[in-house]
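In what follows, every heavy atom counts, from backbone to side chain, and hydrogens, waters and symmetry copies are set aside. So that the names make sense, note that chain A is the first sequence line, chain B the second, and so on, each numbered from 1.
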Number of protein chains: 2
Amino acid sequence: MTLAPGSPGDVLTLISAGSATTRSDLARLTGLARSTISQRVDALIERGLVEETESGESTGGRPPRQLRLHAEEHAFAGVDLGATHCRIALMDMTGDLLAQCEDSLLIGEGPEKVLAHVDGRIDRLLAEAGRPRAALRVIGMGVPGPVEFATGRPNNPPIMPGWNDYPIPDYFPGVDVLVDNDVNVMALGEHRNAFPAARHLLFVKVGTGIGCGIVAEGTLHRGAQGSAGDIGHIRVSGHEESGCRCGNSACLEAVAGGAAVARRLTELGVPAETGADVVALVQAGNTQALRLVREAGRLIGEVLASLVNFFNPEAIVIGGALSRVHEHLLAGIRETIYRRSLPLATHHLSIVPSRMGVDAAVMGAGILAIEHYLSPDNINKIVNA
Amino acid sequence: MTLAPGSPGDVLTLISAGSATTRSDLARLTGLARSTISQRVDALIERGLVEETESGESTGGRPPRQLRLHAEEHAFAGVDLGATHCRIALMDMTGDLLAQCEDSLLIGEGPEKVLAHVDGRIDRLLAEAGRPRAALRVIGMGVPGPVEFATGRPNNPPIMPGWNDYPIPDYFPGVDVLVDNDVNVMALGEHRNAFPAARHLLFVKVGTGIGCGIVAEGTLHRGAQGSAGDIGHIRVSGHEESGCRCGNSACLEAVAGGAAVARRLTELGVPAETGADVVALVQAGNTQALRLVREAGRLIGEVLASLVNFFNPEAIVIGGALSRVHEHLLAGIRETIYRRSLPLATHHLSIVPSRMGVDAAVMGAGILAIEHYLSPDNINKIVNA
DNA sequence: ATACTTACGCCGTTCATCGAACAAAGTCTG
DNA sequence: CAGACTTTGTTCGATGAACGGCGTAAGTAT
């Protein structure tokens with residue numbers, strides 16, 4: 001029942017974070033006696049959570065035995081469900097990729113069909129990776145709509161017909177399942193991967209819609225109803241004529257989302273339907289498309305400039321389909337943020353494109369799962385069991 | 001060195017939060033043995049942190065001895081420095097007011113003069129309350145500008161000439177001093193007072209300028225550079241003609257702040273200079289003033305609608321000078337937020353006027369001080385000393 | 001008055017942690 | 001190259017914090 005610093009969970013946290021790789025390191029970091037650390041480490045090894053590798057470099061005395069997470073016997077699945085696709089990544093405890101897959105899949109088919117597909121694919125990936133089903137500990141999942149994170153139930157998702165209030169975790173008995181908004185898991189993935197030291201970060205997904213994942217104090221901020229980060233319907237000035245599917249007008253998404261840019265291009269005589277079409281046109285060097293993407297960046301930048309003043313993040317990461325042409329999008333975003341935000345807030349602000357690209361969601365979902373499993377609470381439960 | 005749940009600090013936290021008032025309560029809540037709790041409580045009593053009051057009501061057996069924070073021997077000062085005023089509240093450990101004062105004081109006089117004044121006033125308040133100087137444990141202070149919270153140094157504050165980078169805590173040797181932005185301490189005060197259970201809350205101060213304090217997960221969010229909540233320079237649509245002192249145009253503050261409303265009134269032939277003049281006119285029933293305040297509310301509401309979508313708070317509290325006519329201001333704010341924010345985010349959202357009024361800052365500063373002193377870390381340090 | 005309930009202190013037992021001594025496994029030096 | 005030194009890790013008795021049973025205190029119900 002104890003959660004004191006130096007408990008097995010904390011020791012494992014230090015190992016998994018890479019802060020400590022030997023027993024001596026752990027003793028120094030936790031302040032516990034070396035003998036105590038040895039006991040703890042032994043318990044973790046016995047439970048299959050940690051393993052010893054060959055000895056490290058000596059620094060003038062006996063060389064230390066290196067410790068690391070015991071990757072085998074544990075597997076975690078990151079699931080990225082989109083409107084029309086399903087990506088799954090199987091990872092070990094260190095976050096390394098074991099196997100992955102990608103399929104076209106309409107989320108509108110409803111939870112039973114979609115989750116059956118996911119379940120089957122996870123089995124196949126486990127087989128590929130040569131791990132038994134029992135090795136699967138936690139599933140992390142990102143879905144394209146608001147979710148009540150605590151229960152894993154979608155909360156009136158606009159593009160997930162049949163999913164409202166469906167208890168996703170119940171579909172996978174015996175495994176912990178964490179379900180979150182796709183933008184949140186992408187934010188988590190980019191944070192852990194590109195800016196692990198940043199305390200506050202925003203991840204902005206620019207696709208058909210526009211959404212934002214918020215990392216505050218290193219953890220996801222989901223808001224009171226789990227709807228935080230829904231910036232697609234923030235009003236931008238000077239576009240009252242643009243109606244949005246939400247019923248309002250001048251929503252960011254309705255003027256700068258992929259679909260909106262495509263519609264505008266079509267109006268200019270350049271046929272385009274989706275964000276992907278826009279990307280293709282830009283890559284083909286179409287100047288109209290290029291100009292409109294940059295203009296979309298300015299509009300997004302206007303909203304982000306407000307959020308920079310309000311939230312004062314250390315980094316903003318731009319992802320989503322349109323970020324494939326990020327030079328142009330980012331130019332518009334940066335231009336506006338630096339013009340409209342306060343110098344104190346922008347001085348140390350990084351504004352960068354996504355590093356993980358299409359993998360941000362699956363990786364983030366997997367990280368969500370792993371971090372849940374490795375949380376001190378959970379580890380202490382396992383060790384004391 | 002132990003910080004396990006049930007440590008003296010945690011026990012005291014439960015007592016101070018009012019979650020537990022007897023030893024038996026504590027045993028139930030912490031899961032520790034009654035004997036252990038008795039030891040802990042004894043240690044806290046010995047250190048003068050807790051006291052026993054007369055027995056409580058019996059519930060069929062021996063009546064429990066009530067415990068509470070030992071208010072005497074400990075005093076905390078909350079200091080509210082404004083552009084032209086200084087308010088100080090002396091509080092005991094439970095947050096009860098012992099004495100207070102208020103003076104006109106120009107912050108532009110510079111740190112030495114102002115802090116000397118504060119120091120003198122604190123001495124006087126201690127004398128009034130009959131406590132020795134040694135009883136003063138922590139000073140909490142709110143100042144009208146950005147501060148590096150960790151060091152207590154103002155960070156290029158626009159209206160605090162001479163204060164830039166001045167190490168305020170050094171002026172009070174032997175006492176812990178916490179310095180924060182005034183809006184932040186007001187947010188803290190309102191949260192602890194009016195919405196202690198809310199996880200995420202925004203406090204908006206509408207005065208000459210407009211600022212916002214952010215409570216996330218129950219604690220203040222200060223941002224990467226401590227500039228979070230600076231919403232006065234967010235752009236509002238349709239007011240490109242309004243120049244702002246920051247160099248941009250259409251800033252919220254430049255169109256909806258107290259000074260801006262006064263200027264507009266003057267242009268309409270109703271002479272007004274400050275926010276206070278505007279308040280007086282509204283209270284006198286001037287319809288032009290009333291209309292402009294409501295319109296300012298709409299503009300503020302537009303910005304807040306964005307922030308509601310982004311941050312998804314449980315409550316928004318409106319304070320500052322203009323909130324004295326809050327019926328009209330709030331009407332405009334509510335109207336716009338409910339029109340422009342997402343239903344999921346507004347469904348359980350409370351939008352209310354400040355409950356503490358002019359006392360929000362001093363009380364919040366005092367609470368900042370008390371919570372620092374009662375934090376488990378600090379208490380364990382005291383008990384183990 | 002007696003039984004019952006609840007609160008709390010006392011005290012012997014238990015168990016986790018500590019730290020000293022020892023063993024292991026390397027580097028450095030004469 | 002032998003021996004001293006350094007660093008790592010383990011063993012084991014000492015220590016002390018927390019536990020929980022028991023006794024006592026101080027009420028209520030019958």
Legend entry - Contact letters for nucleotides 23-30 of chain C, in which S counts primed atoms plus P, OP1 and OP2 and B counts the base, heavy atoms under 4.0 Å: BBBBS---
Legend entry - Contact under 4.0 Å: A/Arg40 side-chain N or O vs C/dT17 OP1/OP2: yes
Inset, instruction - For B/Glu217, check side-chain hydrogen bond (donor to acceptor under 3.5 Å, both in side chains) against everything at least two apart and list the hits. - result: B/Arg199
Inset, instruction - Quick one: list whatever passes salt bridge (charged side-chain N to carboxylate O under 4.0 Å, His left out) with B/Glu52, sequence neighbours left out. - result: B/Arg23, B/Arg65
Legend entry - Atom pair distance, as rounded to whole Å: CD in B/Glu52 and C1' in D/dA25: 14 Å
Legend entry - Selection residues 8-53 of chain B - residue pairs positive for ring-ring contact (aromatic ring centres under 6.0 Å, His included), sequence neighbours left out: none
Legend entry - Whole-Å gap separating P (D/dT11) and CD1 (A/Ile37): 16 Å
Polar atoms only, N or O, under 3.5 Å: list the protein pairs with nucleotides 19-22 of chain C and their distances.
unit_1, atom_1, unit_2, atom_2, d
C/dG19, N7, A/Ser35, OG, 3.1
C/dG19, O6, A/Ser35, OG, 2.8

Inset, instruction - Answer with yes or no whether the side chains of B/Thr36 and B/Gln39 bring together a donor and an acceptor at under 3.5 Å. - result: no
Legend entry - Test of ring centre spacing under 6.0 Å for A/His221 and B/His200: yes
Inset, instruction - Take atom CG of A/Leu29 and atom P of D/dT8, then tell me their distance rounded to the nearest Å. - result: 13 Å
Inset, instruction - Give the rounded distance in Å between these two atoms: CG of B/Asp42 and P of D/dA17. - result: 14 Å
Legend entry - Length of the CG-C1' vector between B/Asp25 and C/dA7, whole Å: 11 Å
Legend entry - Integer-rounded Å distance: D/dG9 C1' and A/Gln66 CD: 14 Å
Legend entry - Comparing B/Gln39 and B/Thr22 on DNA chain C - which has the more 5′ nearest nucleotide: B/Thr22
Legend entry - Short side-chain N/O contact from A/Ser24 to OP1 or OP2 of D/dG9, under 4.0 Å: yes
Inset, instruction - Apply side-chain hydrogen bond (donor to acceptor under 3.5 Å, both in side chains) to A/Thr21 and list each qualifying residue two or more places apart in sequence or on a separate chain. - result: A/Gln66
Legend entry - Nucleotide D/dG9, atom C1' - distance to CZ of A/Arg23 in whole Å: 7 Å
Inset, instruction - Starting from P on C/dC8, measure out to CG on B/Leu26 and report it in whole angstrom. - result: 10 Å
Would you give me the side-chain donor-acceptor pairs under 3.5 Å for residues 93-100 of chain A, sequence neighbours excluded?
unit_1, atom_1, unit_2, atom_2, d
A/Thr94, OG1, A/Asp92, OD1, 2.7
A/Thr94, OG1, A/Asp96, OD2, 3.4

Legend entry - Which residues share a side-chain hydrogen bond (donor to acceptor under 3.5 Å, both in side chains) with A/Asn184, sequence neighbours left out: A/Asp180
Legend entry - Set of residues satisfying side-chain hydrogen bond (donor to acceptor under 3.5 Å, both in side chains) with respect to A/Asp176, sequence neighbours excluded: A/His372
